[in-house]
Amino acid sequence: MSPLRVTDRVGVALLAALLLGLAAPAARATSLSASADGAVLAHSGLHLLVTLEDAPSQEPVALTVTAEGRTLGTTEIRPGETAVVLPDANLAAGRHVVELAAAGTSGRVEVRAFSGWLSIVPPLVAIGLALLFKDVLVSLFVGILTGCFLLFGWNPFTAFGRAIDHFVAGAVADHDRASILVFTTLLGGMVGLITRSGGTHGIVERLQRYATSPRRGQLATWVLGLLVFFDDYANTLIVGSTMRPITDRLRVSREKLAYMVDATAAPVASIAPISSWIGFEVGLIAAAFTALDLPLNAYTTFVASIPFRFYPIFALIFGLTIAATGRDFGPMLTAERRASRTGKVLADDAVPLADFGAERLAPPDHTPKRARNAFLPILAVMAVAVVGMYLSGSAGLARGDYASEFEWLREVFSNADSYAALLWASLSGVIVAAALPLLQKILSVREAMEGMVEGFKSMLMALVVLVLAWSIGSVCDELHTADFVVGLTADVLSPHWLPVLVFLISALVAFATGTSWGTLGILMPLVVPIAHGLSSGFGMAVGSPHYMTIMVGTVSSVLAGSVWGDHCSPISDTTILSSTASGCDHIAHVRTQLPYALGVGVLGMLIGDIPTAFGMSPWLSLFLGTGVIIGGVLWLGRSDATDD
């Protein structure tokens, strides 16, 4: 073979260079871009999602944000997408071009700021329409659409599309919320099975030996609400579905049953030393203490805050007093007199969220009424929920690392996957509820499946309301509604007035967003530093009695205020579930519960939050508050059988 000529060698070299150039990736320049993270509120912090691509290294770099020649803030970002919050941006209403500079490159984003007052319009629209027209579905969806108009430039077509594909679909896609939907549906199927198999009739006949009067029926409901302390969702659905046929027979209104269920669910779960709430609560407190490098124990602070949780404790005492005295006032008295005098546990125009008493769920003729066919599925749900929380929480924890059994159990339930445990529990309840009548040959397989499916159908209204309530909560999140509400009072706080103001702020946020857990997550990281800074600024040493009074009072106010606002809100998930399990018209439940919740909340502030911040013992506040509750019910309340 002859050697290549010079021209051939040059051609081969050029071809090789071309091929190598095609194969090797071209070096790309570093790029910087951003988008607004939700709405931009005028004169409030700016939330951005900043993306830094193809950076020369993975180390954090300084980001400078400016607008109209003014520096809005500086912070550090890493390559990739970073959520940036600039609390002192203070953009005026209107359109702005925001410039970004980092890692030798720049970018820009155009944002439209609008008045912060508009951020509270969607929840107010939803709540106002619901109370005015008594149609919760339309009201919630109009509230969602209102928020979408604000978020997407007042374009009705975009707003309608984003309401469905972004907010409603997003609410269903969330794992934890989907778990609640499945849990609720399965529990509805269990209730359908025990009703169809005659178990409901059996439990009514068994318990009516003790619950022989409306007063005793309400007391039984209250006691059962205390016993199911480990989770508020499980509490509402188990207690409501168990006691509903009993209270119906005793002529207790569905509104009263829904109140008794709602008044024990979250209050008990939120203050129980072992529950599905505790891990979330203690985790938020610990994170806030760690961020401030405070030498305080999160769980000890949580336990110390329990006597300061005046609203949950007073709500439990008020519910017991109402049940024991048989006295009511306001809209609840009207509902109770309707039920006791006419036997109508629901108003004529009521639309209950769930209807377990329909003919399609009636047991076949000559079906034996065996209470165990209802008790055993309910016990299975409770037992599997507790065991499931124990197993999921104890995985990876060494027993020898804890000084006492109580400390060990506290840590176990703090780390438990409560959503998974509730799913296991509800499925176990369905299996037991189906197996019992099949083994006893009370129902055929087809009849059992029909009962289960009818139970599923009974939950449809409640599931739709839950999804819409979560959707409007997401709207509020993107509108930064909570940030605006907090900002309204950020400059008027002082140490001794801090607990009561935090209580009010927490209640407003929970009322507007419909979530107590969301309120805890939003406010705890904000108010703990404020409590620390104000107390230190007034010369209170960290850990001193005065300092701890303010800190514990503030922490308890976030927890108690979120439960209060959650109770008052018609878009709250626990309020919706209470209406569902009780078979109550949802707006009727909110309307009759609201005066009770408002009265107890105001009492908690006047007798609890304010005087204890100035040094009064919380135990004395609880004693005085109990006396006021008993005296107030005896003075204002009237017996259901008493003429006007």
Side-chain angles (χ1 to χ4, degrees), residues 34-49 67 83 85 89-98 109-174 177 464-488 508-515 518-519 522 565 569-573 576 587:
S35 61
D37 186 8
V40 178
L41 304 185
H43 307 295
S44 297
L46 179 62
H47 299 249
L48 297 173
L49 287 175
V85 179
N90 292 326
L91 292 174
R95 295 187 179 275
H96 304 270
V97 176
V98 177
V109 58
E110 184 174 303
V111 299
R112 180 178 60 87
F114 55 83
S115 173
W117 288 102
L118 293 176
S119 69
I120 63 175
V121 169
L124 290 181
V125 166
I127 293 168
L129 290 178
L131 295 176
L132 184 63
F133 296 108
K134 302 180 182 180
D135 192 316
V136 67
L137 292 180
V138 174
S139 302
L140 283 173
F141 193 71
V142 171
I144 295 169
L145 281 177
T146 303
C148 289
F149 285 140
L150 294 173
L151 287 167
F152 301 106
W154 302 98
N155 185 316
F157 301 103
T158 303
F160 187 83
R162 294 291 83 82
I164 295 297
D165 66 17
H166 180 60
F167 290 109
V168 175
V172 178
D174 180 84
R177 290 173 175 173
V464 175
V465 173
L466 271 177
V467 170
L468 292 180
W470 290 332
S471 301
I472 199 169
S474 298
V475 168
C476 293
D477 184 51
E478 293 200 15
L479 286 171
H480 306 297
T481 303
D483 295 337
F484 174 72
V485 173
V486 172
L488 288 177
L508 286 173
V509 172
F511 182 81
T513 60
T515 167
T519 302
I522 292 166
S569 176
I571 62 175
S572 158
D573 47 7
I576 293 167
I587 301 304

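None of these values were measured; they are calculated from a predicted model. Below, each value reflects all heavy atoms present in this structure, side chains not excepted, and no hydrogens, waters or symmetry copies. Counting from 1, the numbers follow the sequence of the chain as shown.
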Check the pair E110, H96 against side-chain contact (heavy atoms from CB on, under 4.5 Å), reporting the backbone distance first and the verdict last. CA-CA 6 Å; E110 184 174 303; H96 304 270; over 6 Å; no

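- From L479, atom CG reaches atom CG of L150 across 6.0 Å, with rounding to the nearest 0.5 Å.
- Between the side chains of E478 and H47, no donor-acceptor pair is found at a separation under 3.5 Å.
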What pairs of donor and acceptor atoms, side-chain ones from residues 154-164 against any protein atom, are under 3.5 angstrom apart with sequence neighbours left out?
unit_1	atom_1	unit_2	atom_2	d
N155	OD1	F157	N	3.0
N155	OD1	T158	N	3.1
R162	NE	D165	OD1	2.9
R162	NE	D165	OD2	3.4
R162	NH2	D165	OD2	2.3

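- Nearest heavy atom pair, residue A126 against residue I472, reads CB-CD1, 3.4 Å.
- The two atoms that bring A512 and C476 nearest to each other are O-SG, 3.8 Å, heavy atoms only.
- The shortest non-hydrogen separation linking G147 to V475 is CA-CG1, 3.6 Å.
- Between V109 and L48 the shortest heavy-atom distance is CG1-CD2, 4.4 Å.
- In this structure a side-chain-to-backbone donor-acceptor pair under 3.5 Å is present from S471 to V467.
- Note: I144 CD1 to I571 CD1 = 9.5 Å, rounded to the nearest 0.5 Å.
- In this structure the side chain of L46 never reaches within 4.5 angstrom of the side chain of V85, judged on heavy atoms.
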Are F167 and L145 close enough, and set up right, to give a side-chain contact (heavy atoms from CB on, under 4.5 Å), and what steps lead you there? CA-CA 10 Å; F167 290 109; L145 281 177; over 6 Å; no

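- Side-chain N or O atoms of S569 include one that pairs as donor or acceptor with a backbone N or O of F511 at under 3.5 Å.
- Applying the side chain to side chain donor-acceptor pair (under 3.5 Å) rule to S572 yields the partners D566, T574, T575; only residues at least two apart in sequence or on another chain are considered.
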